[in-house]
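Scope of the values below: all heavy atoms of this structure, side chains included, with no hydrogens, waters or symmetry mates.
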Amino acid sequence: MTQPEASAEPQRNEFRSRLLAWFDEHARDLPWRRTGDPYAIWVSEIMLQQTRVAAVLEHYDRFMGRYPTLRALAAAPEDDVLAIWSGLGYYRRARMLHKAAKFVVDELGGVLPQSAIALKKLPGIGEYTSAAIASIAFGEAAAAIDGNVERVLTRVLGWDEKTALPGRLREEAARFLAQSRPGDFNQAMMELGATVCLPRSPLCLQCPVQPQCATRGEHATGERPKMKSRQAAYAFLRRVSSRRVPEVLLVQRPKDAALMPGMWELPAIDPETAPAERRLLDVRHSITVTNYYVTVYGYEPGEEHVLSFSGGAGRWVRASQLLEIPLTGLTRKVLKRLKALPGYTARQQQVRLENVTPELSR
DNA sequence: AACTCGTGGAT
DNA sequence: TATCCAAGAGT
């Protein structure tokens, strides 16, 4: 339960000033903190949903370079947006961001709503994201509660995270929020959770608000679903066209697939009957609660008939075009390891299958 | 309310 | 190596 001392306003005031001073000193220099553009902040918040800063950094500048404005994004075909998003995961986020951008341009004159309540009406913007954008971009005193904030607050208050009621947590978050700098305060809470108040081994000695904390690290979390393991296999076929242009065979996932609908990947094959002598590489790839142990096998052009595609027909895609279509993250990773993606020299691209060294799993 | 969606670095 | 887990949202 709440400790009376911890909920007193003077204590919260001390907490705010200490946290903000720490943030002023230690805030990471991130691209979306160098802008006041609400659109740029919106994009960052969507990318950051359930995604680590490091992963977002690898995509954010490329996305903003391609779609520097809300109108540029709204004008793009969805497949192009998905291609840029490829590798980031949770592809529905990209679809909803794109859909929302089109709605803002078509129905709202291209002006992003400024209040948390209005923002929340847009697809992909929920309780957390609406408060984050409203506070960071527009200075609204809305408390943004993500996993970090939830952990920091329950620790500070001495609550059991498993039994903390969402309503009570929202109340408490609103009390803590620094009205003078709501955007910085929200970011500071998340920054503290991400870099100091860590889930497993919190760095309490480095914590600026340790004196205001009821638990100083003790923290019980709920049960997690057990990881499952599964084998998977894919075929890699490359050919060189009459114009000496390298091409790779890809198949499109069904439009109604639950997982990554409409995106492109290498042809899946039966891992049981795959020919061991053709093994090119092994990769581990985890999707939600399943660890996939993936083996990629090399085939020669003309052998397509031995493959049984579960989905539609295959398509030969020019290597130079691979980054222009929506690839699944796994496919992108495999093609990168096989040096089949653009960005390599022509000579490297023409590496023969037998020269690709199998990467042995350890 | 419980599930589901991706990915890769950390532990 | 297996598991954890991250600036959630939609259904």
Flag this pair as yes if the NZ/CZ of A:R16 is under 6.0 angstrom from the six-membered ring centre of A:F185 and inside a 45 degree cone about the axis; otherwise no.
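Judged by the rule (NZ or CZ under 6.0 Å from the ring centre, within 45° of its axis), A:R16 is not positioned above A:F185.
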What's in the same ILVMFWY side-chain cluster as A:M96, cut-off under 4.5 Å, chained through other members?
none
Connecting only ILVMFWY residues whose side-chain heavy atoms lie within less than 4.5 Å of each other, what is the rest of A:I41's hydrophobic cluster?
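So far as hydrophobic clustering goes, A:I41 is joined with A:I136.
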For [X], which contact category applies under a 4.0 Å heavy-atom criterion: base, sugar-phosphate, or nothing?
X: A:L97; value: nothing
X: A:R95; value: nothing
X: A:W32; value: base
X: A:M47; value: nothing
X: A:G193; value: nothing

Apply ring pair (Phe, Tyr, Trp, His ring centres under 6.0 Å) to the pair A:F15 and A:F176, showing each step before the final yes or no.
CA-CA 8 Å; A:F15 180 95; A:F176 270 80; 5.0 Å; yes
Determine the Euclidean distance between corresponding C1' atoms of B:dA1 and C:dA9; express it in Å to zero decimal places.
15 Å
So which protein nitrogen or oxygen atoms get under 3.5 Å of nucleotides 9-11 of chain B's nitrogens or oxygens?
unit_1: B:dG9; atom_1: N2; unit_2: A:R52; atom_2: NH2; d: 3.4

Want to settle it: does A:N291 or A:Q49 sit nearer the 5' end of DNA chain C, counting the closest nucleotide to each?
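In this pair, the answer is A:N291.
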Considering just the side-chain nitrogens and oxygens of [X], establish if one lies under 4.0 Å of OP1 or OP2 belonging to [N].
X: A:H285; N: B:dG6; value: no
X: A:Y293; N: C:dA2; value: yes
X: A:R151; N: C:dA6; value: yes

N/O donor-acceptor pair under 3.5 Å between A:R18 side chain and A:P208 backbone:
yes
Check for a donor-acceptor pair, side chain of A:Q49 on one end and backbone N or O of A:G124 on the other, with a separation under 3.5 Å.
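Between the backbone of A:G124 and the side chain of A:Q49 there is a qualifying donor-acceptor contact (under 3.5 Å).
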Review item, nucleotides 2-5 of chain B N/O atoms under 3.5 Å of protein N/O:
unit_1: B:dC5; atom_1: N3; unit_2: A:Y90; atom_2: OH; d: 3.4

Is any side-chain N of the basic residue among A:R33 and A:E191 closer than 4.0 Å to the acidic one's carboxylate O?
yes
Could you identify which residues of residues 116-147 of chain A place a heavy atom less than 4.0 Å from some atom of DNA chain B, listed by residue number, or say none?
none
Is it true that A:R253 and A:T328 share a donor-acceptor pair across their side chains at a distance under 3.5 Å?
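On atom types as modelled, these side chains do not qualify, holding no pair under 3.5 Å.
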Of all pairs that satisfy salt bridge (Lys or Arg N to Asp or Glu O under 4.0 Å), the ones with a partner from residues 34-56 of chain A, not counting sequence neighbours
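Sorted result for residues 34-56 of chain A: A:D29-A:R34.
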Under the salt bridge (Lys or Arg N to Asp or Glu O under 4.0 Å) test against A:E247, which residue among A:R315, A:R238, A:R239, A:R318 passes?
A:R239
